[in-house]
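The structure appears right after this line, and notes come after that.
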Amino acid sequence: MTTAQQPENKGQRSRTVADLVEDIQALTTEIQDLYCLDEIPWVVGYSGGKDSSATLQLVWNAIAGLPPEKRKKTIYVITTDTLVENPIVAAWVRNSIKQMKLEAQAQNLPFEPHLLQPEAKETFWVGLIGKGYPAPRGKFRWCTERLKINPSNRFIRDVIRSSGEAIVVLGTRKAESTKRANRMKKLEAFRVRDRLSPNMNLPNSLVYSPIEDWDNDEVWIYLMQWENPWNYSNKDLFAMYRGASADNECPLVVDTTTPSCGSSRFGCWVCTLVSQDKSLAAMIQNDEEKEWMQPLLDFRKELDLEENRDRRDFRRRNGDVQLYERNLDGETSVEPIPGPYIKSAREDWLRKLLTIQAQLRRTAPENMRDITLITIEEMSEIRRIWLEERHEFDDSLPRIYQEVTGEVFHDPRPGADNSLLGSDEWVVLEEICADDDMHLELMAKLLDTERQFRKMVRRVGIYESLEKCFTTSSRSKEEAVRNAHLKRDLKTAVDQGDVERVKQLTLGDFTVTTTTTDVKETNSEKTLKTQDLVATTSKVNIEIVDETNDLPNSKSKAWGKKKFKNKETTPEGDSQ
């Protein structure tokens, strides 16, 4: 008899196919009993992969075996399209969901499939091209929650809100990884019954994992030997996994040393959290008809380049300069942490992405020529960020779109094309500011901030907004970095209680730039601040937290306060 080996759990007894059949029968009864136990709705997570397909197939067959009068409770089937999925897998899942809807109606079953997507403001391209986030890394994994977790959690919360509770059915397995196994074992202590664990992320919900003890080969045996109940070919799924394997082969497992088929993992084609996209590369390598996806692989490699400082701002997105110690050829160098992509880099990413999209629509197979790498809604949000948050009122997105596609960009956002400033004004401003990028940025921010407040009856907050422009953009790169080093050195001296060093840094020959002008402080002003600083230092209670001033304990000289001073103030500006 064929044996289904479990290489991930070598210490456990190998199960035969007969054991697997017995387990499937027991799980079918368990699923039916759990379904009929109460009125709590179920939400089945479906990704189109082997594990979620096996789980949904188990649930579908179990519910189909119940009498019609007992199939009253809705079972929601949710899958999340991150909009940057492997195109082959994305098409597979979309077609599967369509077929699932038809078969659920035809078989009179309570399954209700939903294809979820991240909100436009949370998509990958809005983050990278709009906000300028660098490609995700292990220490800055900004994509997973936005693209995958939030859409499904929003749906489940809506179900809980309407029904009070929910049971989330997942295809998680202990054999997937040691980390997954350890996490599942920890949750077993809190279980209310077998395979039913609390959901640590969503209150009032439980997680049901029917195939948690199955290994890789048992999943495939089940999918290959039991027919797909919503009439979608499991053999095609097997072929898709085989095509994503480096050797394009799925051998018969005869012992624990034989590699198993189906270990490939499909994910986002832009993912830079892994060293390389092995599944996409294998698909292209194994099938000439999939060579049209090579531009995606090339683009992903370009995103993955780590040394891209010339394309990124020297400030963080909030305008702050933060320093870190960098090891360069065995020597420590204190440098600014690279921030978001600069304007030219973001425009370049958009242009390249649209170019690849146009190319794929010409070279892809007929059934894939409607491929969309970036949606109109995403570009609308990117345009809004560039205009309203980055104050780049030259409005370059419609121009780039038309240059690449030959089509006019129609923005679905109401009032998106209404603006008092545009590309003509931007060109004039560039000429006035010559090659001074920071001056151009500051003037653009000031002009656009005034424009945004122009039609308001009560312009509440305008001075704070103008103040922020000066705070983030009034210094040159050299001045801003030098000021950050000063703050760092000063804070280090304070932490060490080095009063002499504090005096030296405070009374040294440097310029303190205010948030609105380049006025140099007099020695007397410096002396007063130093006296306050030294007095506070003696108490070992100094915090340098004011990002709008160069020295601690200095009074904030806000732009609005300078223009309209309080009548009840002393000549120095302190309140009575």
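This is a predicted model, so every value here is computed, not measured. Quick note: residue numbers are just sequence positions, from 1.
Listed by chain and residue number, Ala358, Gln359 satisfy the side chain to side chain contact (heavy atoms under 4.5 Å, CB included) test with Arg362 (two or more places apart in sequence, or in another chain). By the side chain to side chain contact (heavy atoms under 4.5 Å, CB included) test, Ser52 is found to be paired with Tyr46, Ser47, residues two or more places apart in sequence or in another chain being considered.
The OG1 atom of Thr363 sits 11.5 Å away from the CD atom of Gln294 when rounded to the nearest 0.5 Å. Note that OG1 of Thr80 is 10.0 Å distant from CG of Leu147, once rounded to the nearest 0.5 Å.
Summarising the local packing, NZ of Lys343 is surrounded by more than 12 heavy atoms from other residues, nucleotides or ligands at distances under 6.0 Å.
Within the structure, ring-ring contact (aromatic ring centres under 6.0 Å, His included) pairs that include any residue of residues 323-344 comprise Tyr341-Trp349 (at least two apart or interchain). Sorted by first and then second residue, the pairs that involve residues 127-141 and meet side-chain hydrogen bond (donor to acceptor under 3.5 Å, both in side chains), not counting sequence neighbours, are Arg137-Asp304, Arg141-Thr144. Listed by first and then second residue, the ring-ring contact (aromatic ring centres under 6.0 Å, His included) pairs involving residues 357-383 amount to none (not counting sequence neighbours). Sorted by first and then second residue, the ring-ring contact (aromatic ring centres under 6.0 Å, His included) pairs with a member in residues 370-408 read Phe393-Trp426, Tyr401-Phe409; sequence neighbours excluded.
Ring pair His114/Tyr76 is tilted by interplanar angle, where 30° to 60° counts as tilted.
Nearest heavy-atom pair, Ala480 versus Val321, reported as atom, atom and distance to 0.1 Å: CB-CG2, 4.0 Å. Across all their heavy atoms, Asp313 and Ile342 have their closest contact at N-CG2, 3.6 Å.
No salt bridge links Glu464 with Lys468; every basic N to acidic carboxylate O contact stays at or beyond 4.0 Å.
Side-chain contact of Glu85 with Thr82: a donor-acceptor pair under 3.5 Å is present, judged by distance alone. Residues Asp448 and Gln452 bring a donor and an acceptor atom of their side chains to less than 3.5 Å of each other.
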